[in-house]
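Worksheet for the structure shown next.
Everything numeric here is computed off the predicted structure, so don't read it as measured data.
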Amino acid sequence: MNKGIHNFSEIGKLNKVLLHRPGRELEKLTPMNFEELLFDDIPFLKVAQEEHDKFAKLLQDNGVEVVYYENEVAKALADAKVKDEFIKEFVQLSPIYADGRKDELVEFLQKKDVNDLVETCIAGLFTDDLKGIAGDSLIDVVEMDEDEKNFASIPMVNLYFTRDPGTCIGNGININHMSTPTRRREALLLRYMTKYNRDFAADNTPIWYDVYDSFSMEGGDVLVLSDEIVAVGYSERTTLAGIECFAEKLLKNSNFKKVLVFDIPKSRAFMQLDTVFNMVDFDKFVIHPEIEGPLAVYEIMLGAEGELSFESMKDSLDNILAKELKLPAVDLIRIGGGNLIAAQREQWNDASNILAIAPGTIVAFERNYVTNDLLDKKGIKVLPIESAEISRGRGGPRSLTCPINRDDL
């Protein structure tokens with residue numbers, strides 16, 4: 001068993017990873033609410049689970065220990081006082097239509113055993129579930145949209161993208177302040193895991209960013225390029241203030257020397273840095289060609305007096321990466337193989353969002369065959385997985401995983 005957080009690269013041999021198998025929360029998606037819940041379509045749960053199980057088995061067959069959100073959170077909540085504290089915090093963070101029913105929701109959740117509690121928090125609750133606890137309310141008679149009226153607690157439909165709520169960096173962790181209230185409770189689950197589950201994280205594990213920090217930051221925007229350099233995307237989901245707060249904590253309290261900030265277009269199509277840029281080997285990166293023109297890179301370091309210093313980097317991306325990683329050159333592999341239509345199509349289906357499980361060995365969606373073939377020709381071993389349903393939430397193999405422990409390079 002690989003205990004504790006240890007993650008100093010994007011490509012070191014992956015030893016342990018945190019997943020969430022899609023569950024009945026996805027069955028609460030409807031055409032009326034999926035946009036609000038950050039989906040573009042409604043996955044077929046049975047097939048999504050089958051695809052996810054095959055993905056987990058592929059990881060296990062390659063020597064990766066797979067642990068799951070529900071199990072790790074349940075371990076953290078084994079103490080009754082911790083469980084009670086979690087319930088109250090969870091309800092306070094929950095986007096509930098009727099704040100007046102929060103006390104009733106607390107009472108409802110307190111009656112559940114710890115495993116049922118975790119599953120219920122993830123799956124969400126309808127207002128009808130509170131019958132017998134809740135008294136009469138104006139909500140019961142006022143006409144409103146059914147989706148608005150139905151949810152006492154919104155389901156965590158995005159949780160199977162475990163990369164976003166948390167990022168293991170070095171021997172510490174980001175417990176991210178998600179950009180939308182819909183996803184903020186996902187990070188709360190991780191916060192309790194880190195505080196109270198010693199199988200997941202050691203005592204006094206550094207927290208570089210916290211769900212209660214003031215500015216949004218998400219894990220898909222964070223790449224650990226080396227044991228000295230972390231890249232962060234300034235994106236639709238991650239703010240400049242959040243990056244600055246993170247950089248100050250990381251650089252002042254670890255051996256990391258630099259944070260590189262990638263300014264990418266702010267749009268749904270280019271949602272986070274790892275949807276358009278990723279590391280696949282010591283000197284090889286995949287990139288969506290449409291970000292190269294508008295991309296700007298900035299450097300954050302500590303000055304002589306311990307204050308943050310900021311600088312715009314004027315060179316081309318390949319030269320910046322080669323210099324920072326102390327390499328003679330790097331290869332930027334453009335998804336779609338130079339064909340703009342193929343690049344746009346495969347980027348939408350997360351061709352850049354691959355997961356490296358060892359240097360030069362990656363997991364990728366098989367549907368992105370143009371890019372996968374190109375990577376193969378570049379000497380990258382591609383392990384393809386099925387993705388007809390799990391891809392509907394807009395996230396690839398990297399988004400589906402929170403790496404906890406990797407070998408050093």
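Note that CZ of Phe262 and CD1 of Ile243 are 11.0 Å apart. Values are rounded to the nearest 0.5 Å. The line from CD of Glu218 to CD of Gln272 is 5.0 Å long, rounded to the nearest 0.5 Å. Leu400 CG to Ile390 CD1: the interatomic distance, rounded to the nearest 0.5 Å, is 5.0 Å. The distance from the CZ atom of Phe215 to the CZ atom of Phe246 is 15.5 Å, given to the nearest 0.5 Å. Taken to the nearest 0.5 Å, the CD atom of Glu65 stands 9.5 Å off from the CD atom of Gln60. Atom CE of Met279 and atom CG of Leu321 lie 8.5 Å apart (nearest 0.5 Å).
In terms of modelled atom types and a separation under 3.5 Å, the side chain of Glu346 and the main chain of Thr371 share a donor-acceptor contact. Using a distance-only test at 3.5 Å, with no hydrogens or angles considered, no donor-acceptor pair links the side chain of Thr361 to the main chain of Ile357. In this structure a side-chain-to-backbone donor-acceptor pair under 3.5 Å is missing from Arg185 to Pro181. In terms of modelled atom types and a separation under 3.5 Å, the side chain of Ser352 and the main chain of Val286 share no donor-acceptor contact. The backbone N or O of Ser226 sits nowhere less than 3.5 Å from a side-chain atom of Glu228 that would complete a donor-acceptor pair. Put simply, the side chain of Arg183 gets close to the backbone of Asn158: a donor and an acceptor are under 3.5 Å apart. Of the possible polar contacts, one joining the Thr401 side chain to the Arg398 backbone as a donor-acceptor pair under 3.5 Å is found. Panel note: side chain Asn353, backbone Ser399; a donor-acceptor pair is recorded below 3.5 Å. Under the 3.5 Å distance criterion, the side-chain polar atoms of Arg334 are matched with a main-chain donor or acceptor of Leu332. Arg198 places a side-chain N or O within donor-acceptor distance of the main-chain N or O of Ala201, the cut-off being under 3.5 Å.
For the pairing with Val363, the side chain to side chain contact (heavy atoms under 4.5 Å, CB included) check across Val382, Leu58, Asn62 returns one residue only, Leu58.
A heavy-atom distance below 4.5 Å is found between the side chains of Phe126 and Lys28. Using a 4.5 Å heavy-atom cutoff, the side chains of Leu225 and Glu324 are not in contact. Side-chain contact between Asn115 and Glu70 is absent, with no heavy-atom pair separated by less than 4.5 Å. Leu355 places a side-chain heavy atom less than 4.5 Å from the side chain of Leu59. Side-chain atoms of Met193 and Leu190, non-hydrogen and from C-beta on, do get closer than 4.5 Å to each other. Arg406 is not listed as a side-chain neighbour of Val224, based on a closest heavy-atom distance of 4.5 Å or more. Glu386 has its side chain out of reach of Phe55: every pair of non-hydrogen atoms, C-beta onward, lies at least 4.5 Å apart. In this structure the side chain of Gln49 reaches within 4.5 angstrom of the side chain of Leu45, judged on heavy atoms.
Annotation for Met156 and Cys121: closest pair CE-O, 3.6 Å, computed over non-hydrogen atoms. Contact record, Cys402 with Cys168: SG-SG, 4.2 Å, taken as the closest heavy-atom pair. Heavy atoms only, all atoms of each residue included: Gly396 and Asp350 are closest at N-CG, 3.4 Å. Between Leu327 and Val330, the closest heavy-atom pair is CD1-CG1, 3.8 Å. The two residues Asp164 and Asn176 make their nearest non-hydrogen contact at O-ND2, 2.8 Å. The heavy-atom pair separating Asp221 from Leu273 by the smallest distance is OD1-N, 2.8 Å.
Between Glu72 and Lys75, at least one side-chain N (NZ, or NE/NH1/NH2) sits under 4.0 Å from a carboxylate O, which counts as a salt bridge. Salt-bridge annotation for Lys54 and Glu50: absent, with no side-chain N of the basic residue lying under 4.0 Å from a carboxylate O of the acidic one. Comment: Glu119 engages Arg24 in a salt bridge, judged by a side-chain N to carboxylate O separation of less than 4.0 angstrom. Using a cutoff of 4.0 Å between basic side-chain nitrogens and carboxylate oxygens, Arg392 and Glu389 are scored as salt-bridged. Residues Lys249 and Asp210 are not paired through a salt bridge, judged by the lack of any N-O separation under 4.0 Å between the basic side chain and the carboxylate. The pair Asp61-Lys57 counts as a salt bridge, with a side-chain nitrogen and a carboxylate oxygen less than 4.0 angstrom apart.
Note on ring orientation: taking the six-membered ring where Trp is involved, the planes of Tyr69 and His20 are perpendicular (angle over 60°, cut-offs 30° and 60°). Note on ring orientation: taking the six-membered ring where Trp is involved, the planes of Phe277 and Phe285 are parallel (angle under 30°, cut-offs 30° and 60°).
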Apply the test side-chain contact (heavy atoms from CB on, under 4.5 Å) to residues Leu189 and Leu159: give CA-CA distance (whole Å), side-chain angles for both, the deciding distance (0.1 Å), then the verdict.
CA-CA 10 Å; Leu189 300 179; Leu159 184 60; 4.1 Å; yes

Would you please test Tyr212 and Glu89 for side-chain contact (heavy atoms from CB on, under 4.5 Å) and show each step?
CA-CA 11 Å; Tyr212 292 115; Glu89 210 167 342; 2.5 Å; yes

Evaluation steps, side-chain contact (heavy atoms from CB on, under 4.5 Å), between Asn171 and Phe8:
CA-CA 8 Å; Asn171 292 318; Phe8 288 87; 3.8 Å; yes

Passes side-chain contact (heavy atoms from CB on, under 4.5 Å), Tyr196 versus Glu85? Steps please.
CA-CA 12 Å; Tyr196 299 110; Glu85 174 190 333; 3.5 Å; yes

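For the pair Lys195 and Tyr192, the cation sits on the ring face: its NZ or CZ lies under 6.0 Å from the ring centre, inside 45° of the axis.
Crowding of Lys88 atom NZ: a count of heavy atoms from other residues, nucleotides or ligands under 6.0 Å not exceeding 12. Under a cut-off of 6.0 angstrom, the local environment of CG in Asn255 is sparse, with at most 12 non-hydrogen atoms contributed by other residues, nucleotides or ligands.
Using modelled atom types, one finds a donor on one side chain and an acceptor on the other under 3.5 Å when comparing Gln110 with Asp84.
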